[in-house]
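What you are looking at is a predicted structure, and each value in this text was computed from that prediction instead of being measured.
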Amino acid sequence: MNNRRTFLKQAGIGMAAAYLSPSLLASCAPQRKSTATLTEIGLQLYTLRDQVATNAVATIARVAEIGYNHVETFDALIGDDGKVTFWGLDAQTLSSHLSDHHLKTYSGHYDLGAFLTPGDGNQDALKAYIDTAATLGQHYLIAPVPPILLIDTLTPDNYRFMADQLNSGGELAARSGLKIGYHNHFWEFRTLADGSRGMDILLENTDKELVAFELDLFWSEKSETDSAAYFEKYPGRFPLWHIKDMDQHHSETIIGGDYDTKPFMEIVDSITYAEVGTGSIDFKHIMDEAKTAGLQYAFVEQDVIMIPPFESIAQSYRYVKNELLESSETP
């Protein structure tokens with residue numbers, strides 16, 4: 001599959017910029033704790049985007065059969081009637097199918113592009129998504145990407161605006177028992193004109209009681225960021241993780257120097273992925289800092305798959321279950 005096509009779909013441009021997904025969790029109440037890091041494995045359904053688009057119900061059944069306990073949704077579309085659907089299913093119907101297969105959904109990726117755009121900030125989509133996430137029983141509503149057209153020109157002021165909006169969105173979400181979150185790619189780790197990094201601006205200017213972060217370990221590591229050290233710098237801010245592995249033959253860093261001004265699509269086109277446990281990321285080292293991060297739920301994800309998709313997610317599932325979650329249990 002072509003990486004450019006894949007990333008455009010992931011980032012939410014698609015046919016008409018109508019949906020968003022990028023490519024662990026907590027409830028809105030900070031005191032609520034979970035042992036899910038030890039017993040549950042999630043899948044970001046974007047990994048199977050072609051399959052859910054063709055037959056969402058059958059795909060859900062296969063995911064459950066493999067052993068996954070929960071899924072993270074994406075591709076929520078707001079129709080002309082104002083109703084939100086996923087692959088032709090309304091939220092209640094999707095919730096029923098998940099329940100039929102003993103799958104939960106704690107988190108979803110939702111297109112908050114307008115809400116995060118300076119000069120716009122419209123809350124209409126956010127409000128619709130809050131209602132949808134609540135219907136699904138989700139705890140987290142995640143912004144998977146900043147406004148697409150700003151990615152290559154993001155400034156410190158843009159990030160500060162997004163931080164303010166996330167705080168505002170967090171207040172709205174809390175009224176429905178939800179918490180808003182932000183999912184990173186690599187551009188948040190670029191060095192900006194004033195020497196700062198977007199990820200740090202977001203973390204330092206958001207209220208930890210209202211806004212959480214979903215660290216995509218592939219993108220942080222690909223950006224030459226020590227994810228474990230980042231958890232120590234910002235403890236408790238990362239209750240959600242994406243566990244995605246890096247092709248050992250293409251593990252070069254994609255930030256710094258000319259990369260920080262290079263168009264993101266030129267960078268994405270050269271990136272390759274691997275099933276979890278077969279690549280170059282030391283997940284066991286990162287998992288040692290799970291408690292510091294505040295980790296509660298982890299999602300397997302793979303942006304581009306080169307083997308049969310269900311075989312891929314099964315392989316990743318086995319590695320996470322046998323090598324990460326079980327080894328992290330305490331007596």
Side-chain angles (χ1 to χ4, degrees), residues 22-27 32-48 60-73 98 101-109 137-140 142 181 183-184 212-221 226-232 235-246 273-303 305 307 309-331:
S23 54
L24 357 171
L25 175 88
S27 72
R32 180 173 179 173
K33 296 181 180 180
S34 172
T35 59
T37 49
L38 304 180
T39 61
E40 295 189 334
I41 304 173
L43 177 74
Q44 165 51 264
L45 286 174
Y46 174 74
T47 305
L48 300 175
I60 287 168
R62 289 291 301 276
V63 169
E65 182 181 352
I66 288 168
Y68 285 92
N69 308 108
H70 60 96
V71 296
E72 186 171 47
T73 61
L98 292 173
H101 294 285
H102 308 289
L103 284 170
K104 292 164 281 189
T105 178
Y106 302 115
S107 176
H109 281 197
Q138 292 175 334
H139 303 290
Y140 268 78
I142 305 296
H183 166 277
N184 66 281
F213 289 81
E214 180 176 62
L215 193 71
D216 189 307
L217 299 176
F218 175 92
W219 294 115
S220 58
E221 295 291 318
D226 183 338
S227 302
Y230 218 66
F231 299 145
E232 294 180 1
R237 299 301 305 274
F238 298 96
L240 302 93
W241 293 3
H242 274 187
I243 297 181
K244 181 192 315 180
D245 216 341
M246 190 185 308
Y273 308 84
E275 280 63 47
V276 178
T278 68
S280 60
I281 297 179
D282 186 352
F283 290 109
K284 291 183 179 180
H285 167 67
I286 297 172
M287 188 61 70
D288 286 342
E289 296 298 325
K291 184 176 181 181
T292 301
L295 175 64
Q296 295 188 350
Y297 294 90
F299 302 92
V300 166
E301 184 185 36
Q302 189 166 331
D303 292 13
I305 296 173
I307 64 176
F310 292 109
E311 179 182 331
S312 170
I313 68 167
Q315 184 173 338
S316 292
Y317 171 85
R318 288 192 295 269
Y319 177 82
V320 174
K321 182 177 187 296
N322 296 328
E323 301 297 331
L324 298 184
L325 300 194
E326 291 186 357
S327 65
S328 68
E329 292 187 17
T330 56

Peer 1: Between Asp245 and Ile281 (side chain of the first, backbone of the second, donor and acceptor by atom type, cut-off under 3.5 Å), is there such a pair?
Peer 2: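 Yes, the answer is positive, given that a donor and an acceptor are paired below the 3.5 Å cut-off.
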
Peer 1: Under a 3.5 Å cutoff, is there a donor and acceptor pairing between the side chains of Glu289 and Thr292?
Peer 2: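 Yes, a side-chain donor-acceptor pair sits under 3.5 Å.
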
Peer 1: Do the non-hydrogen side-chain atoms of Val71 and Leu98 ever get within less than 4.5 Å of each other?
Peer 2: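 Side-chain contact under 4.5 Å: yes.
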
Peer 1: Test side chain to side chain donor-acceptor pair (under 3.5 Å) on Gln138 and Thr73 and set out the steps.
Peer 2: CA-CA 10 Å; Gln138 292 175 334; Thr73 61; 3.0 Å; yes

Peer 1: Do Lys321 and Tyr319 pair up side chain to side chain, a donor and an acceptor below 3.5 Å, judged on atom types alone?
Peer 2: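 No, no side-chain donor-acceptor pair sits under 3.5 Å.
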
Peer 1: Could you pull out the closest heavy-atom pair between Ala314 and Ile66, with the gap in Å?
Peer 2: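 Nearest pair, atom of Ala314 first, then Ile66: CA-CG2, 3.7 Å.
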
Peer 1: Testing Gln315, Gln44, Lys244, Glu275 one by one against Gln302 for a side-chain hydrogen bond (donor to acceptor under 3.5 Å, both in side chains), which residue passes?
Peer 2: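 With Gln302 as partner, Gln315, Gln44, Lys244, Glu275 yield a single side-chain hydrogen bond (donor to acceptor under 3.5 Å, both in side chains), made by Glu275.
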
Peer 1: Under the side chain to side chain contact (heavy atoms under 4.5 Å, CB included) test, which residues partner Asp288, sequence neighbours left out?
Peer 2: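 Expected list: none.
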
Peer 1: For His139 and Ser107, run side-chain contact (heavy atoms from CB on, under 4.5 Å): C-alpha distance rounded to whole Å, both residues' side-chain angles, the deciding distance at 0.1 Å, then the answer.
Peer 2: CA-CA 6 Å; His139 303 290; Ser107 176; over 6 Å; no

Peer 1: How about His242 and His109: are their ring centres within less than 6.0 Å of each other?
Peer 2: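 So the answer is yes for these two rings.
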
Peer 1: Donor-acceptor check, side chain of Tyr317 to backbone of Ile41, threshold 3.5 angstrom: yes or no?
Peer 2: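 Between the backbone of Ile41 and the side chain of Tyr317 there is no qualifying donor-acceptor contact (under 3.5 Å).
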
Peer 1: Any chance you could lay out the side-chain contact (heavy atoms from CB on, under 4.5 Å) test for Phe283 and Val320, step after step, and finish with the verdict?
Peer 2: CA-CA 9 Å; Phe283 290 109; Val320 174; over 6 Å; no

Peer 1: Just how far is it from atom CG of Asn69 to atom OH of Tyr106, taken to the nearest 0.5 Å?
Peer 2: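 Answer for the CG-OH pair, Asn69 versus Tyr106, is 7.5 Å.
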
Peer 1: If the condition is side chain to side chain contact (heavy atoms under 4.5 Å, CB included), which residues does Glu65 pass it with, not counting sequence neighbours?
Peer 2: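 Arg62.
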
Peer 1: Will you find, in the side chains of Glu72 and Thr105, an N or O donor that is under 3.5 Å from an N or O acceptor?
Peer 2: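 Judged by distance alone, the side chains do not pair up.
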
Peer 1: Quick check: closest heavy atoms across Phe231 and Leu217, and the distance to 0.1 Å?
Peer 2: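 Between these two residues, the closest heavy atoms are CZ-CD2, 4.2 Å.
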
Peer 1: Given Val63 and His101, is the side-chain contact (heavy atoms from CB on, under 4.5 Å) satisfied, shown in steps?
Peer 2: CA-CA 9 Å; Val63 169; His101 294 285; over 6 Å; no

Peer 1: In the structure I gave you, are the side-chain heavy atoms of Leu48 and Leu43 within less than 4.5 Å of one another anywhere?
Peer 2: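 In short, these two side chains touch, coming nearer than 4.5 Å.
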
Peer 1: Within this structure, what is the CZ-CD distance for the pair Phe238 and Gln296, rounded to the nearest 0.5 Å?
Peer 2: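 Here the interatomic distance stands at 14.5 Å.
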
Peer 1: Is the distance between the ring centroids of Tyr273 and Phe218 under 6.0 Å?
Peer 2: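 So the answer is yes for these two rings.
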
Peer 1: Do His285 and Asp226 come within less than 4.5 Å of each other through their side chains, counting heavy atoms only?
Peer 2: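 They are in contact (side-chain heavy atoms under 4.5 Å apart), so the answer is yes.
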
Peer 1: Closest heavy-atom contact between Pro239 and Phe213?
Peer 2: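 Looking at all heavy atoms of both residues, the shortest contact is CD-O, 3.6 Å.
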
Peer 1: Are the aromatic ring centres of His70 and Phe299 under 6.0 angstrom apart?
Peer 2: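 Yes: the rings meet the under 6.0 Å criterion.
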
Peer 1: Could you tell me which non-hydrogen atom of Val276 sits nearest to which non-hydrogen atom of Ile243, and how far apart they are?
Peer 2: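 Nearest pair, atom of Val276 first, then Ile243: CG2-O, 3.5 Å.
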
Peer 1: For the residue pair Glu214 and Asn184, what are the closest heavy atoms and their distance?
Peer 2: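 In terms of heavy atoms, the two residues are closest at O-OD1, 3.3 Å.
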
Peer 1: Is there a side-chain contact (heavy atoms from CB on, under 4.5 Å) between Leu215 and Leu240 once you walk through the steps?
Peer 2: CA-CA 6 Å; Leu215 193 71; Leu240 302 93; over 6 Å; no

Peer 1: May I ask you to say whether Glu40 pairs ionically with Lys104, meaning some side-chain N is under 4.0 Å from a carboxylate O?
Peer 2: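 Looking at Glu40 and Lys104, the cut-off is met.
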
Peer 1: Once side-chain hydrogen bond (donor to acceptor under 3.5 Å, both in side chains) is applied, do any residues pair with Ser316, and if so which ones, sequence neighbours excluded?
Peer 2: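 For Ser316, no residue satisfies side-chain hydrogen bond (donor to acceptor under 3.5 Å, both in side chains) once neighbours in sequence are set aside.
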
